[in-house]
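Structure first, commentary second.
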Amino acid sequence: MKKYPEYKHLNLSQISKDVLRFWEENHTFEKSVSTREGQAPWVFYEGPPSANGMPGIHHVMARTIKDIFCRYKTLQGFQVKRKAGWDTHGLPIELSVEKALGITKEDIGKKITVEQYNIECRKDVMKYTDKWSDITKKMGYWVDMENPYITYDNKYIESVWWLLNNLYTKDLLYKGFTIQPYSPAAGTGLSSHELNQPGCYRDVKDRTAVAMFKIADASALLEKGAEAFFMAWTTTPWTLPSNTALAVGKDIEYVAVKTFHPHPVKGKELEPVVVILAKDLLDKYFPSKSAELKFEDYKAGDKAIPFQVIKSYKGSELAGTVYNQLLPFAKPDGDAFRVIVGDFVTTTDGTGIVHIAPSFGADDFRVARQNGIGALTLVDKRGKFLPEVKDGIFLYGEEYVKEAYLSDEEKAHEFQFQKKILEDNGKIKELKAYLSVDERIVLKLQEEGKLFKKEQYVHSYPHCWRTDKPVLYYPLDSWFIRTTALKDRMIELNKTINWKPEATGTGRFGNWLENLNDWNLSRSRFWGIPIPIWTSEDRSEQICIGSVEQLQKEIANALAKGVMAENPLAAYKTGDMSDANYEGFDLHKPYADNIVLEKNGKKLFREPDLIDVWFDSGAMPYAQLHYPFENKDLIDSKKYYPADFIAEGVDQTRGWFFTLHAIAVMNFDSVAYKNVVSNGLVLDKNGNKMSKRLGNAVDPFETIEKYGADATRWYMIANAAPWDNLKFDMEGIAEVQRKLFGTLYNTYGFYALYANVDQFVINPADQVPVAQRQELDRWVLSELHSLIRDVTAHYENFEPHRAARSIETFVDEHLSNWYVRLSRRRFWKGDMNPDKKAAYETLHECLLVVAQLMSPIAPFFGDWLYGNLRAPLGTAENTAMAADSVHLTNFMHANETLIDLKLNERMELAQKISSMVLSIRKKENIKVRQPLQKIQIPVLDKEMQSGIEAVKDLILAEVNVKEIEFVDESNTHIVKNLKLNFKTLGKKCGADMKAVQAYAADHSTNIIHDVERHGKAVVPVNDKEYVLEPEDVEIIPVDIPGWKVANNGPVTVALDVVLSEDLRQEGLAREIVNRIQNIRKDKGLDVTDKISVKIQQNEGLDKAITNNLNYICSETLTGDLQLVQNLSTASANAVEVDDTISTLISIEKLN
RNA sequence: UGGGAUAUAGCUCAACGGUGAGAGCAGGUGCCUUAUACGCAUCAGGUUACAGGUUCAAGCCCUGUUAUCCCAACCA
């Protein structure tokens, strides 16, 4: 006879290990995919992690979410393939290699060849793959790590090139220049990622200036021949020579102010000037008390300067106004020196008029281009002014625009130089320190009467993480993807994506799309996918490569034309998709750069940039399949595209989520994914970000070893919605372990214990029909099937936290603490009979279903539980347990006919009544072991009474009372309360609601009477009459005078606390039973062992024992009970039966 | 600085615009149990971040403020 396995202790960590071995030996994961062959696919894309970092607890979180839905959909019958992937390119890898080798970027090509460097990167990037494999297995994440896609593979790169070429053909790829963070000291552009390294943004003190731009002809704005200035603020005066426009806000109100020049040139101290600035910022420059000053009282040099607002304009009225170039060192290409409208202009600081230097600001560049304004770039790539920025007094040409770029010696040298010039020219009496370009420009403006105000200003400014020097924003050549061309389509298709949470899709992602810029694809690095574009030096000829085959042909041509000597792709066989064929070459630098092509007699060289690694990962739907060279049909006929589901951290919103979307829309006019869950961060228990630096990072290996993967996963899922941040607290895992897994383990243990005693094994083909099972069974099945329905809905909605919480409630409150607790006797009392069998079958079904429902979240424990329940069945062919793993079963459907809401309500009522009776006992200090005679329940409607009747026995047993008596007004006086139903009355009464409420409070007795007798009551209020119908009120019995009463919502219970002699003796008998059971347990007797009992006689006890002898014996499996005169304390246990009675009991096991 | 999210008991989280805002954990007290200090009962703990507004009625809707987090960032 096969048995259900029994265990001594719950050890989740061990269960994980055992189940993991089982999966490996039985290839359960592979089967979960292969057994679904031919079924509808459910497409999942794995976002590639970078294997050169260690896995963290947040990866466990993110992967749990992915795993849950893949497992769930597999249970639903879908085939869910899960190809793992590795992100292998990019800066972090380069940095890691440089650190390991002790080199810097400058050394590449000198101390180490590009070739060697890339070999190192290729090695380095996979250095933690073992750790990743390990955590993947241990956490129970099912993903195919045997055949991952790897972004550095030639096949992967070929697909990426195909996509790029496709964009090139559609004219969505162009080379242009934009304003990018640039480090002159390092001679390289910086990515936003680099700027976001810790410590890059630092507070710096800069010289700021409000410059005055003279309007060329102010007649249109003021009177004819008037002279006026625009005021514009800048924190970077060194950009002023490159100014080509001024921007105003379209709807901002501006004023023209007549005043005196604060820094006039000699001789013009008393000539009034007119300046224009935003009205909102008037106070900042013109204190309102100065408005009362009289112009005629003003003397040169006065601190307080009178002013007068003479006119006002909307920004749009100023647009188009031409002004004189502020610092005319060079002439710009194209149109310039005009007022334009900029959407970014605000009045939070400055003057509401923004100085535009298109070369040195992204906004400036954009708004200038939109308005056809040209640029001036008077700074070179070294960070120095061009030679022409020179006046011989303040500016000397070819000097660093930022003080920080000068070395101490350079600074000292410059200081001596400028000291001489400035002092000789009488500009400064005695120069004490080096003056920065910014400071000297301000001096120059002042000298020329173009300065309104200067001050120091502290703001945060980005620095290059390698050189520690401030960054410049500088126009750089780059390749761009014209994402803006398809912006509307991207927005449109985004609306078809199911975002969890929704706000991320409409908000963070939606806004991002609305403000989309072209995607800068270029990166000046070494380890990445080369841009597959070759251009002639005069840029007249260009070839974009979309496949290795094409490249091979072009090389052949180049060889024929003699521009190349050797064909690195000679061995490549067209059409051969074998790995061997793809391993004979390398598309990375430096090999790609060594290829020179030929077109129309011109040599073509590769564009030197690599592509943004984000394109790598966004290309994975296609590149992981080597599309279109292989698996073309999977994408083209949408068999494996788009994804039904992806999930990553919310930080990927503008990363992977965007690149997937952009590439899909631009290449295939499709979404890349239909459902996306963006999960929140994992913080430490105090809500701080985890970091190695702070030492608060949680080690996932340790955590899983200690608590097991299931408890860890369950905790993370149940504790917060996926998209909320999780405050990770180990104690929370311990709690889950105790509460959910402990309870479930015990519930199973209970089942196994008695099933084995009774030699019961489930027979799915022969079960007691549910209709013939008792109320409690039908109730728990009703709850169970409600649970299936709810959990299914939660999984379908991608709300795993709700699924987990529902399961917790069921296991804990319904199954363990009500069903099993109240059913215990049925399992151990008597021989097998239909009722006992029904109890086993009911409990078995609950455990089986729970095992399956929980298995996506707790895959090990779910499978362990399932395996135990299945253990005595053998192959279990043709049953729901035919598969040898829960993960290979078919998801159970809720049987709606078993869901009986009335029954659920009834049982809730029984629990409520029980709890109320226990509460009265507590108040009256009567133990539950002491039987009581009677409960009274006042009932006002028959339905409630019949509901309680149905669960009466359960209540009585639970609270240890003999009978329930239903009372109404015919046999007792009941105090009743009136409650108004605000929902129905709100509609009826509206604004009179408060008055009705007040009236009802004063006349509750009358209203109750009227409603009960006549079915309605009239409420006269504010000269109106409202008729209260039964649905508008609730009449609740709250008290029976003279009884001990408890009240909860609509239910009231009264308890008879009078103890008769019989009851008292019965209570004592139960105390005795309890003591005997405790001794049994202490002695380690089996639950089936029969015993003989000797109890030392005691006056207060003997009668209670003899009168309840049968009861005591049958409860304790006692074959022989004797009251004896004396027991030796050596062989007997001393027990206190109550405060006054103590005795000795001895127990012998009977054979 | 902008966009997004969050703010409810000491902690973690619930709560269709509807009558005293609920669980669990942690704490006090008492109790039940031949599955289990698992639980049950009970006490304490709340100005639902703050200030306004809409409504007969607001934790929930609207506006603003503050704090924290994420993302994007030299808006001059």
Side-chain angles (χ1 to χ4, degrees), chain A residues 181 192 195-196 201 208 232-236 239 246-247 342 344-346 348-357 360-364 459-462 470-471 473 501 503-504 507-509 511-512 515 649-651 653-654 680-681 683 685 687 689 718-721 723-725 727 729 731-732 735 738-739 742-743 745-754 801 805 808-809 812 816-817 820-821 824 827-828 914-915 918-919 921-923 925 927-929 979-986 989-997 1034 1073-1074 1076-1078 1080-1081 1085-1087 1115-1117:
Chain A
S192 59
L195 280 191
N196 280 322
Y201 277 84
T208 69
W233 181 60
T234 181
T235 57
T236 52
T239 61
L246 292 172
F344 53 87
V345 179
T346 64
T348 48
D349 48 21
T351 61
I353 301 174
V354 178
H355 140 65
I356 299 292
F360 304 112
D363 275 334
D364 303 42
H459 60 150
S460 83
Y461 193 89
V471 157
Y473 283 74
T504 301
R508 192 185 280 202
F509 194 67
N511 289 339
W512 166 253
N515 300 315
V650 67
D651 53 338
T653 305
R654 293 171 187 184
L681 301 165
L683 309 171
K685 67 176 176 180
K689 211 173 164 178
N719 201 38
W723 38 88
D724 286 334
N725 290 345
K727 290 182 189 166
D729 187 355
E731 282 183 34
E735 187 184 325
R738 275 206 317 273
K739 218 168 141 61
T743 304
Y745 164 82
N746 280 326
T747 307
Y748 166 74
F750 176 87
Y751 173 83
L753 175 65
Y754 289 108
H801 59 300
R805 289 170 187 177
E808 278 174 5
T809 306
D812 193 38
S816 175
N817 277 303
V820 174
R821 200 147 66 88
R824 267 193 311 250
F827 288 90
W828 62 266
S914 300
S915 124
L918 293 173
S919 147
R921 275 180 175 278
K922 155 84 180 172
K923 217 169 277 162
N925 228 341
K927 287 185 171 186
V928 180
R929 246 184 245 126
K979 263 175 121 178
L980 299 180
N981 181 349
F982 281 63
K983 213 164 192 171
T984 57
L985 279 176
C989 311
D992 289 327
M993 193 69 209
K994 283 215 170 84
V996 171
Q997 204 176 344
E1034 207 178 341
V1073 167
N1074 171 261
I1076 295 174
Q1077 304 290 27
N1078 287 347
R1080 277 186 70 118
K1081 212 169 164 187
L1085 296 184
D1086 224 47
V1087 291
E1115 288 292 306
T1116 56
L1117 300 186

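Residue numbering restarts at 1 for every chain, and letters A, B, ... go by the order of the sequence lines.
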Inset, instruction - Would you kindly give the CG-to-P distance between A:L985 and B:G17, to the nearest whole Å? - result: 20 Å
Legend entry - Point-to-point distance, once rounded to the nearest 0.5 Å, from CG of A:L985 to CG of A:L980: 5.5 Å
Legend entry - Mutual orientation of the aromatic rings belonging to A:Y754 and A:F827 [parallel < 30°, tilted 30-60°, perpendicular > 60°]: tilted
Legend entry - Same-atom distance (P) from B:C11 to B:U48, integer angstrom: 16 Å
Inset, instruction - Determine the interatomic distance between C1' on B:A51 and the same-named atom on B:A7; round to the nearest Å. - result: 16 Å
Inset, instruction - Report which part of the nucleic acid A:E731 touches: base, sugar-phosphate, or nothing (heavy-atom distance under 4.0 Å, all strands). - result: nothing
Inset, instruction - Using a heavy-atom cut-off of under 4.0 Å over every strand shown, decide if A:R929 touches base, sugar-phosphate, or nothing. - result: sugar-phosphate
Legend entry - Closest nucleotide among B:U12, B:G18, B:C25 to the A:N719 side chain: B:U12
Inset, instruction - Look at the side chain of A:V928 and decide which nucleotide, out of B:C13, B:C32, B:C74, has an atom nearest to it. - result: B:C32
Inset, instruction - Could you work out the separation of B:C74 and B:G22 based on their P atoms and round it to a whole Å? - result: 50 Å
Inset, instruction - For nucleotides B:C69 and B:C32, find the distance between their C1' atoms and express it as a whole number of Å. - result: 46 Å
Legend entry - Interatomic distance where NZ belongs to A:K927 and P belongs to B:U42 [whole Å]: 19 Å
Inset, instruction - Establish, with yes or no, whether the OP1 or OP2 oxygen of B:A35 is under 4.0 angstrom from a side-chain nitrogen or oxygen of A:R824. - result: yes
Legend entry - Dot-bracket encoding per residue of RNA chain B, Watson-Crick/G-U cut-off under 3.5 Å, | denoting interstrand: (((((((..((((....[...)))).(((((.......))))).....(((((..]....))))))))))))....
Legend entry - Distance in Å, A:F750 CZ paired with A:R824 CZ, rounded so as to fall on 0.5 Å steps: 7.0 Å
Legend entry - Rounded distance in Å between the P positions of B:A21 and B:C43: 14 Å
Inset, instruction - Report yes if a side-chain nitrogen or oxygen of A:N1074 is closer than 4.0 Å to either non-bridging phosphate oxygen (OP1 or OP2) of B:C32; otherwise report no. - result: no
Legend entry - Side-chain N or O of A:S915 closer than 4.0 Å to phosphate OP1/OP2 of B:A41: yes
Inset, instruction - Answer yes or no: side-chain N or O of A:S816 and base N or O of B:A35 forming a donor-acceptor pair under 3.5 Å. - result: yes
Inset, instruction - Would you kindly check whether a donor in the side chain of A:K983 faces an acceptor in the base of B:C16, or vice versa, at under 3.5 angstrom? - result: yes
Legend entry - Separation of the P atoms in B:A9 and B:G46, to the nearest angstrom: 9 Å
Legend entry - A:K979 side-chain proximity, nearest of B:G39, B:G20, B:A14: B:G20
Legend entry - Side-chain N,O (A:R805) to OP1/OP2 (B:C13) below 4.0 Å: no
Inset, instruction - Can you measure from NZ (A:K979) to CG (A:N981) and round to the nearest 0.5 angstrom? - result: 10.0 Å
Legend entry - Sugar-phosphate, base or nothing in reach of A:L918, heavy atoms under 4.0 Å: sugar-phosphate
Inset, instruction - Give the minimum heavy-atom separation between A:Q1077 and A:E1115, together with the two atoms involved. - result: NE2-O, 3.0 Å
Legend entry - Sugar-phosphate only, base, or nothing, as touched by A:V996 at under 4.0 Å among non-hydrogen atoms: nothing
Inset, instruction - Ignoring the backbone of A:N746, work out which of B:C74, B:A35, B:C56 is nearest its side chain. - result: B:A35
Inset, instruction - Respond yes when some side-chain nitrogen or oxygen of A:R921 is under 4.0 Å from OP1 or OP2 of B:C40, and no when none is. - result: no
Legend entry - Sugar-phosphate only, base, or nothing, as touched by A:E1034 at under 4.0 Å among non-hydrogen atoms: base
Inset, instruction - Can you tell me, in whole Å, how much space there is between the C1' of B:G30 and that of B:U68? - result: 41 Å
Legend entry - Gap in Å between the two P atoms, one belonging to B:U6 and one to B:U42, rounded: 35 Å
Inset, instruction - Determine: side-chain N/O of A:K727 to OP1/OP2 of B:U12, distance under 4.0 Å, yes or no. - result: yes
Legend entry - Non-hydrogen atoms of A:I356 and A:D364 that approach each other most closely: CA-OD2, 3.4 Å
Inset, instruction - May I ask you to say what A:N725 touches in the nucleic acid, namely base, sugar-phosphate or nothing, with a heavy-atom cut-off under 4.0 Å? - result: sugar-phosphate
Legend entry - Under 4.0 angstrom between A:K739 side-chain N/O and B:G39 OP1 or OP2: yes
Inset, instruction - Pick base, sugar-phosphate or nothing for A:Q1077, based on heavy-atom distances below 4.0 Å to the nucleic acid. - result: base
Inset, instruction - Indicate whether OP1 or OP2 belonging to B:A35 is found under 4.0 Å from a side-chain N or O atom of A:Y754. - result: yes
